[in-house]
> 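Pasting a structure below so you can have a look.
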Protein chains: 2
Amino acid sequence: MSRTYTIEALVRGLRVLSLFGTSESEMTLQQIVTASGLSKSTAFRILSTLEHEGYLVRDEDTLRYRPGLAVLRLGFTALSGLGIRETAHPHLRRLSRETGETASLSTLDGTEVIYLDRVRNRAIVGVVLGLGSRIPAHCASMGKAMLAFLTDEELEQVLGDLAPRTPHSITDRTRLAEELARVRQRGFAINDQELEVGLRAVAAPIWNHQRRVIAAINITGSVSTISRQRLVEDLAPTVMRSAHEISEELGFRPGLGDAAS
Amino acid sequence: MSRTYTIEALVRGLRVLSLFGTSESEMTLQQIVTASGLSKSTAFRILSTLEHEGYLVRDEDTLRYRPGLAVLRLGFTALSGLGIRETAHPHLRRLSRETGETASLSTLDGTEVIYLDRVRNRAIVGVVLGLGSRIPAHCASMGKAMLAFLTDEELEQVLGDLAPRTPHSITDRTRLAEELARVRQRGFAINDQELEVGLRAVAAPIWNHQRRVIAAINITGSVSTISRQRLVEDLAPTVMRSAHEISEELGFRPGLGDAAS
DNA sequence: ACGGATGTTTCACACAGTGAAACAGAGAAC
DNA sequence: GTTCTCTGTTTCACTGTGTGAAACATCCGT
């Protein structure tokens, strides 16, 4: 790999910053030293620098570092900079209104699905919650919708061990491959309590103008309001229609076979 | 200043990253060179590193860089890590429901107010929009509510030139000082079309256990539904009550004069 | 085919970033 | 009250890393 154009000091800093993106959002110097494997002095100087630049804030009492406001600015302009999100949002609204369920938009980042937008049925609020959060792709309807259209090599790179989230989760490679084949054939992916017991979802992929799958949308709801029949016969076509519309707005033109670029 | 514990290569990288937080969310190498003042080679290596770490993504067609998904993760854990937000959210909901207007939470970052949460009247969606965005403090009700409780030195450091946003904006230092005195006296700040014509708001500050103002909440609405009378006589007390409740939940105990620590 | 953009690569040098180890302080243990 | 231990801060000398200049490669418009 091209390690030629990579600047080590910056990488280290970014890695430290990333530590705050995972489990703990508040960390002490010592924790960072052990988590990063850096020497104490280096870690200290990195932290000082990150603090100086506003990416971290230090609580003077507890001496713990936590993400600063600079990080917020970045995160949200990143979100609003994502064209898909603006394009998809009205469709999510309509989906949610028409079905009475929750509609979401996500994209694939490595082995994880990351939520970009969500419109709930109970309109009130809480909308932000879960935005930007990540779940393993093989347990998610949107995840499977996107995995299905990767090349074999990409898929191989992306998949680690398939840890189950519920008894319904797919943990076997072969079964996953079968499932993904079915997704390709039908054009949508379902999730029947594989992520959370009591939760069903149906998703469809979104293509861009390069005929690449870049995102997915889905409809989620409780098993009490979404039967398997309704999922496949009613919701699946609805989600697929919206996904196609979004894809076309992004410049995707349906055609036969692979496209020459 | 302690430039001893600051690592230059990291600072440069973060500065480059920050460029994407402001105006443009997509930039070309050349743009970054001129915007940052770095040499072409350095800028190039920084960009490569940021890309390698997932903080930037490069569009292979246009050769433009834009924020990557790593940045998203950070932003959202930062948000959810903010204790105030969780504490304040139910209050925002209640405020919005009771008044039928939009309620927001923000904090002060330098001369700018940064939105942390918002609950709209029209419940549906769009909630996320504007979250993390920044506006000049002197044109904002929440900004004035927070500025009013800074020390004179802090205020001096924070205020640059008071650029107007509408004809109603405060642009004069003396007038701002008078306004802030009034805010301190009354305990709330109003905004009568100073940020946007047709928009009124009333805000109150939130204190933490150290008796420091760390945030503010407000209620915003159109001049058509919010008269000046309603703003002051009806909404102001409501907002103040909520602000006090939030403050107390954060450990603030009202008392006389300055507290000994 | 030419000129002027922009992006990529090379190279030699200086100094910026590094780890080890010494220092300081705050609690906890006794 | 004294000692021990754990964490954060500072110093220092070395070397390896990040640096800018300048050469090279590509693309695009005319």
Side-chain angles (χ1 to χ4, degrees), chain A residues 1-20 23-68 209-210 260-261, chain B residues 1-20 23-68 209-210 260-261:
Chain A
M1 294 299 150
S2 63
R3 200 158 289 163
T4 329
Y5 294 118
T6 230
I7 127 173
E8 191 59 22
L10 181 51
V11 170
R12 289 174 167 180
L14 295 172
R15 294 266 165 85
V16 168
L17 193 54
S18 289
L19 290 178
F20 294 87
S23 44
E24 300 301 322
S25 65
E26 274 205 346
M27 293 182 104
T28 172
L29 171 62
Q30 196 64 20
Q31 289 178 295
I32 286 158
V33 167
T34 54
S36 66
L38 295 169
S39 81
K40 221 197 321 185
S41 7
T42 301
F44 180 65
R45 259 167 299 135
I46 288 175
L47 289 170
S48 300
T49 307
L50 290 171
E51 185 190 2
H52 184 262
E53 294 296 306
Y55 284 81
L56 292 180
V57 175
R58 183 155 80 151
D59 187 314
E60 291 297 341
D61 294 337
T62 67
L63 294 187
R64 282 163 187 277
Y65 294 88
R66 54 188 172 75
H209 64 103
Q210 299 168 309
S261 178
Chain B
M1 294 296 154
S2 62
R3 199 158 290 165
T4 330
Y5 293 118
T6 231
I7 127 173
E8 193 59 21
L10 181 51
V11 169
R12 288 174 167 179
L14 296 172
R15 294 264 166 85
V16 168
L17 194 54
S18 288
L19 291 177
F20 293 87
S23 44
E24 300 301 323
S25 66
E26 273 205 347
M27 293 183 104
T28 172
L29 171 62
Q30 195 65 21
Q31 289 178 294
I32 286 157
V33 166
T34 54
S36 65
L38 295 169
S39 83
K40 221 199 317 184
S41 7
T42 301
F44 180 65
R45 260 168 298 137
I46 287 175
L47 289 170
S48 300
T49 307
L50 290 171
E51 186 191 2
H52 184 263
E53 294 296 305
Y55 284 82
L56 292 179
V57 175
R58 181 155 82 151
D59 187 314
E60 290 297 340
D61 294 337
T62 67
L63 294 187
R64 284 163 186 276
Y65 295 87
R66 55 188 170 74
H209 64 103
Q210 299 168 309
S261 177

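In what follows, chains are A, B, ... by sequence order, proteins preceding strands, each numbered from 1.
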> NA contact type, A:Arg12, heavy-atom cut-off 4.0 Å: base, sugar-phosphate, or nothing?
sugar-phosphate

> Who passes side chain to side chain donor-acceptor pair (under 3.5 Å) against B:Thr34, sequence neighbours left out?
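Side chain to side chain donor-acceptor pair (under 3.5 Å) check on B:Thr34 returns nothing, list empty.
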
> Would you mind building the protein contact string for nucleotides 25-30 of chain D? One character per nucleotide, 5' to 3', B for base within reach (heavy atoms under 4.0 Å), S for sugar-phosphate only, - for untouched.
------

> Could you work out, with salt bridge (charged side-chain N to carboxylate O under 4.0 Å, His left out) as the rule, every residue matching B:Arg64, not counting sequence neighbours?
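By the salt bridge (charged side-chain N to carboxylate O under 4.0 Å, His left out) rule, B:Arg64 matches no residue at all.
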
> Rounded to whole Å, please give me the gap between CG in B:Leu50 and P in D:dG18.
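That distance rounds to 13 Å.
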
> Let me know the distance between CD1 of B:Ile7 and P of D:dG16, rounded to the nearest Å.
17 Å

> Go through B:Arg12 and B:Val16 one step at a time and tell me if the side chain to side chain contact (heavy atoms under 4.5 Å, CB included) criterion holds.
CA-CA 6 Å; B:Arg12 288 174 167 179; B:Val16 168; 5.7 Å; no

> What pairs with A:Val57 under side chain to side chain contact (heavy atoms under 4.5 Å, CB included), at least two apart in sequence or on another chain?
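So A:Val57 forms a side chain to side chain contact (heavy atoms under 4.5 Å, CB included) with A:Arg66.
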
> Reading nucleotides 6-13 of chain D 5' to 3', which nucleotides get B (base under 4.0 Å from a protein heavy atom), which S (sugar-phosphate only), which -?
-SBBB---

> Applying side chain to side chain contact (heavy atoms under 4.5 Å, CB included), name anything that partners A:Arg58, two or more places apart in sequence or on another chain.
A:Glu51, A:Leu63, A:Tyr65

> Would you tell me whether A:Ser18 and B:Tyr55 have side-chain atoms, one donor and one acceptor, within less than 3.5 Å of each other?
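Their side chains do contain a donor-acceptor pair, which is all the 3.5 Å distance test asks for.
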
> Please name the pair of heavy atoms, one in A:Leu19 and one in A:Met27, separated by the smallest distance, quoted to 0.1 Å.
CB-SD, 4.1 Å

> Nearest-Å distance, CG (B:Leu14) to P (D:dG18)?
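One finds 14 Å between P of D:dG18 and CG of B:Leu14, rounded.
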
> Answer yes or no: is there a side-chain heavy-atom contact under 4.5 Å between A:Leu17 and A:Leu56?
yes

